[in-house]
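A short write-up of the structure that comes next.
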Amino acid sequence: MTKKIHILAIETSCDDTAVGIIQARVFGQKLKEFKVVSNEISSQADLHAGYGGVYPALAKREHKKNLPLVFKAATKDFDIKKIDLVAVTAGPGLDPCLWTGINFVQEMLSGNKLPAVPVNHVEAHILANFLTKKIGEDAFRKTYLPAVALAVSGGHTVLFKMNDIGKYKLLGQTRDDAAGECFDKTARILGLGYPGGPLISALAKQWSKRKKKTIKVSMPRPMLNQKNYDFSFSGLKTAVLYYHKKQKPALAASKEYLEAMSFEIQQAIVDVLVAKTMKAASNLKAKSIIIGGGVSANELLRKTLKTVAKKQKLKLLMPKVDYCADNASMIGVAAYFANKRGEAVMDPQDLRSDSNLMIQESDN
Ligand code: KG4
Ligand code: ZN
């Protein structure tokens, strides 16, 4: 008989306050599929725009203010007594923000006996693919594993091997800025606004369509040819800064220049992400590539990976664009599997944040 498990999930690790409910349909201890019951998000992007990035104290204040409202919206059509499990992001992320979510769960569960699951945000970005592909856990294992996973967002750029759900091997990560951070910071240098990824992507598209091109720019692809799976994006940011500072103000503000720069920045970031991911997939004989995180919404990244994966006869999983950026549903998905691994706590006071939380490593 199919059992339905309802998970209430809360995500406050960065600048999005997200609450949602997902239903896990389980048959004989095995996940058959997830169904999203509600998925509410309140984004603070506009508030942080003036800082060109997320300002932690402000983010915390906003989470505190917004959580009860987002919670209300996410639960308004649902009988809360049907919740079996509560999930909350424990890390990585901004510590004051993580604690807002944890404290909210602690208060909500006081005097209540529901188990609470601390969730790894990076793992959740990859498991968000369960929301796109209606697939059971056994079929997922059989079709896609072992996989090489790339979690790429404003806060993280992590490449890891996925041997099983919950069994990972870290391959590499950024040594400085994350890929999304590089989009955001270079967009700020160019005076484009925040978040930078979608703005740069849109301008790059216009450059591709532009008939008359009088500008040629060339930016570095940091660590592209190094024999490791690490990334570094701060060098690209600095190269953009120095190049931009040297330009005459009229040119630096021109549409053609901003399009050319956006195109080159996006291409440089995508070149590095794709090359390292493909190298890992080939060296480790992976069956598939799985991506997730805000930057996985990038059209060029998606298109390029599609082409190269097809060439290499690799399967490719990318979240629906709606589930690339931070959301509560992906936290619910990760919590379902974490709970099966025995990671739930019975006393919510035992929940802790870990702003540098790593993905769970396992040798097999
Ligand atoms: O996953 P996410 O919502 O938050 C973090 O966990 O960091 O990712 C946000 C990041 C931002 O840096 C934003 O610029 C980037 O994702 N992003 C994009 C695109 N959409 C969002 N980057 C490139 N292209 C996009 N279309
Ligand atoms: Zn994220």
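Quick caveat, the model's predicted, so the values are computed rather than measured. In listed order, ligands and their atoms are each counted from 1.
Among residues at least two apart or in separate chains, there is no side-chain hydrogen bond (donor to acceptor under 3.5 Å, both in side chains) pair with a member in residues 300-311. For residues 325-345, every residue pair satisfying the side-chain hydrogen bond (donor to acceptor under 3.5 Å, both in side chains) rule, not counting sequence neighbours, is listed here: Asn39-Ser329, His121-Asp326, Glu123-Arg341, His125-Asp326, Glu137-Lys340, Arg341-Glu343, Glu343-Gln360.
Ligand 1 has no atom lying under 4.0 Å from any heavy atom of Gln266. Contact analysis leaves Glu299 out of contact with ligand 1, as no non-hydrogen atom separation drops below 4.0 angstrom. The shell of residues lying under 4.0 angstrom from ligand 1, judged by heavy atoms, excludes Cys14.
The distance cut-off of 2.8 Å around the Zn ion (ligand 2) captures these protein N, O or S atoms, sorted by chain and number: His121 NE2, His125 NE2, Asp326 OD1.
No donor-acceptor contact under 3.5 angstrom links the side chains of Ser201 and Glu299, judged on distance only. A donor atom on one side chain and an acceptor atom on the other are not found under 3.5 Å apart for Tyr168 and Asn120.
In terms of N/O distances under 3.5 Å, ligand 1 is not approached by Phe183. Between Ala325 and ligand 1, not a single N/O pair is under 3.5 Å apart. In terms of N/O distances under 3.5 Å, ligand 1 is not approached by Pro195. Residue His121 places at least one N or O, backbone or side chain, under 3.5 Å from an N or O of ligand 1. For ligand 1, the polar-atom distance check against Gly293 finds no nitrogen or oxygen pair separated by under 3.5 Å. Geometrically, ligand 1 and Ser153 share a nitrogen or oxygen pair separated by less than 3.5 Å.
Looking at every heavy atom in both residues, Met1 comes nearest to Phe27 through N-CE1, 3.4 Å. When all heavy atoms of Ile102 and Val88 are compared, the pair lying nearest together is N-CG2, 3.9 Å. Between Gly293 and Ser153, the closest heavy-atom pair is CA-CB, 4.2 Å. Scanning both residues, Ser13 and Cys97, for their nearest heavy atoms gives O-CB, 3.9 Å. The two residues Ile126 and Leu150 have their closest heavy-atom pair at CD1-O, 3.5 Å.
Counting heavy atoms from C-beta on, the side chains of Asn66 and Arg61 never come closer than 4.5 Å.
Taking a cut-off of under 4.0 Å to the non-hydrogen atoms of His156, the atoms of ligand 1 that pass are 6 (O). Within ligand 1, the atoms closer than 4.0 Å to a non-hydrogen atom of His125 are 1 (O), 6 (O), numbered from 1 in the order shown. Near Gly196, the atoms of ligand 1 lying under 4.0 angstrom from a non-hydrogen atom of the residue are 14 (O). When each atom of ligand 1 is checked for a heavy atom of Gly180 under 4.0 Å away, the hits are 12 (O).
Atom CD1 of residue Ile21 and atom CD of residue Glu40 lie 10.0 Å apart, to the nearest 0.5 angstrom. Within the model, atoms CD1 of Ile265 and SG of Cys182 stand 7.0 Å from one another, a figure rounded to the nearest 0.5 Å.
With a heavy-atom cut-off of 4.0 Å, Asp326 touches ligand 1 through backbone and side chain alike.
In this structure, the protein non-hydrogen atom closest to atom 21 (C) of ligand 1 is Gly294 O, 3.5 Å. Among all non-hydrogen protein atoms, the one lying nearest atom 22 (N) of ligand 1 is Gly197 CA, 3.3 Å. For atom 24 (N) of ligand 1, the closest heavy atom belonging to the protein is Asn298 ND2, 3.0 Å. Counting only heavy atoms of the protein, atom 14 (O) of ligand 1 lies nearest to Asp184 OD1, 2.7 Å. What sits closest to atom 10 (C) of ligand 1 on the protein, heavy atoms only, is Gly154 N, 3.4 Å.
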Anything under 3.5 Å between a donor and an acceptor, one on a side chain of residues 104-119, the other on a protein residue two or more places apart or in another chain? List them.
residue, atom, partner, partner atom, Å
Gln106, OE1, Asn103, ND2, 3.0
Gln106, NE2, Pro348, O, 2.9
Ser110, OG, Glu107, O, 3.0

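A donor-acceptor contact shorter than 3.5 Å is absent between the side chain of Asn163 and the backbone of Pro146.
Aromatic pair Phe130/Tyr323: ring centres not closer than 6.0 Å.
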